[in-house]
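Below: the structure, in structure tokens.
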Amino acid sequence: MHATDVIARKRDGETLTTDEIMWFIEGVTNGAIPDYQVAAWLMAVCIRGCRTGETVDLAMAMAHSGEILDLSGVVDFAVDKHSSGGVGDKTTLVVLPLVVACGVPVGKMSGRGLGFSGGTLDKMESIAGYRSDLSTEAFLSQLKTHGIVLSGQSADLAPADGMLYALRDVTSTVRSTPLIASSIMSKKLAAGANGIVLDVKAGTGAFMGEVSAARTLAELMIGIGRDAGRKMVALISDMNQPLGAAVGNALEVREAIDVLRGGGPADLRDALPHRGRAHAAPGRHSERPGAAGPDAHDGGEAAERRGAGAFPPAGGTSGGDVRMVDDPDRLPQATIVETIAAPARGYVKRVEARAVGIASKVLGAGREKKGDPIDHAVGVVAHCKVGDAVAAGDPLFTVHANDAARLDEAKSRLSRAITLSEAPVAPLPLFYDMLEAI
Ligand code: URA
């Protein structure tokens, strides 16, 4: 086979065979196909799309590019979660410790920032020394010892996703239903959890703008997981405005710690009972005796137990400096902090999540080119939500920067990201739907 033929067939809208997809992903993984051909193929997939069968083949080929973990000898029933990507989405950092505190082991494989959206691994790497490339052995040992592990794609686990992901981030090929579905599901299948909870975002700060598109993505991923024998739950949640207030790596870690200590923004806290129920669902329906699915999640008890959980495994095999978790003032901090104030009184009609995500990226929280270093300290804190009343001079955003030119560009983007209205505005919902295959 030739990479040029596979690229051309996808460019022309043809359906790739299972063999072609397996061959291509193998070539990505072993380096036989260079980045420029992979990038061309990604753009062809992005523009032409894939049939369901091709997406399933892609997810399976990517999952099998490394090991598929078998957790049966390690824990009775493990749950994993994944978000389809959003702005200010630090849900993992808050929900994982709560789920673990309720007795459900969590083995999770996360990703980095993609486009305007943040990535859990980049956030966790705000904690000095944190390692996101655990070997299979280290992943399993951390899960067994601490009941919680959070790592990224590695040479052992879903390496093809790691390679495609880094290229997609810098070639504007993120927003593609088959590429998102196969990327997420390859990691979930490789990490071996029995139950998988998907948080599929819809809105301006998501890759799926409309709820209907988010539902299509959710159904596709549920089908892939169900056919692979996993119990699946998908939440469809709003991403028209940033989730919580903080957007940017260390700022989000600090906010997650605040929530776990009983504070933090109301929308993050208010979503916890619903998220807790979603995480309990796959375990509750498990046929395994003693498999976790703690009813403690019901009725928001998980939120009440928030103090009980350890922060996602900053320490242990992951090697992070847990003093930064105990004392978040030790996290990286920006040198310039400026506020954007409301020019007039009014009701907040729009806080455009994508514009806030791009402003944070402009400040240095995300990558322009593959392998670019990121600045963990910078980002934006959004002080209001759609529906809030503000007075003239109230803070709308606080910008954390390390570079004056980047600060100016971010401020100009942020001042266009918000709209005030004279008439009252209804708040946005947190969730639209929950789908299950359990
Ligand atoms: N998260 C992933 O892991 N992959 C995507 O493509 C989008 C979100």
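If you're wondering where the values come from, they're calculated on a predicted model, not measured in any experiment. Indexing begins at 1, ligand by ligand and atom by atom, following the structure's order.
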*Would you please name every residue forming a salt bridge (Lys or Arg N to Asp or Glu O under 4.0 Å) with Asp267, sequence neighbours left out?*
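Counting only residues at least two positions away or on another chain, Asp267 forms a salt bridge (Lys or Arg N to Asp or Glu O under 4.0 Å) with Lys385.
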
*Does Asp122 have any salt bridge (Lys or Arg N to Asp or Glu O under 4.0 Å) partners at least two apart in sequence or in another chain, and if so, which?*
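Once residues adjacent in sequence are excluded, the partners of Asp122 under the salt bridge (Lys or Arg N to Asp or Glu O under 4.0 Å) criterion are Arg112, Arg367.
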
*For Arg350, look at atom CZ and say whether over 12 heavy atoms of other residues, nucleotides or ligands are found less than 6.0 Å away.*
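Yes, because the 6.0 Å sphere around CZ of Arg350 holds more than 12 heavy atoms from other groups.
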
*Can you tell me if CD on Glu210 sees more than 12 non-hydrogen neighbours from other groups inside 6.0 Å?*
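Not buried by this count: 12 neighbours or fewer within 6.0 Å.
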
May I have every N or O pair linking ligand 1 to the protein at under 3.5 Å, one per line with atom names and distance?
unit_1	atom_1	unit_2	atom_2	d
ligand 1	1 (N)	His82	NE2	3.3
ligand 1	3 (O)	His82	NE2	2.9
ligand 1	3 (O)	Ser183	OG	3.4
ligand 1	3 (O)	Lys187	NZ	2.5
ligand 1	4 (N)	Ser183	OG	2.7
ligand 1	6 (O)	Arg168	NH1	2.8
ligand 1	6 (O)	Arg168	NH2	2.8

*Pairs involving residues 24-48, ordered by first then second residue, that meet salt bridge (Lys or Arg N to Asp or Glu O under 4.0 Å) (sequence neighbours left out)*: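 Every salt bridge (Lys or Arg N to Asp or Glu O under 4.0 Å) pair that includes a residue of residues 24-48, provided the two are not neighbours, is Asp35-Lys370.
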
*If every non-hydrogen atom of Ile33 is compared with every non-hydrogen atom of Ala3, which pair is closest and at what distance?*
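It is CG2-CB, 4.2 Å.
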
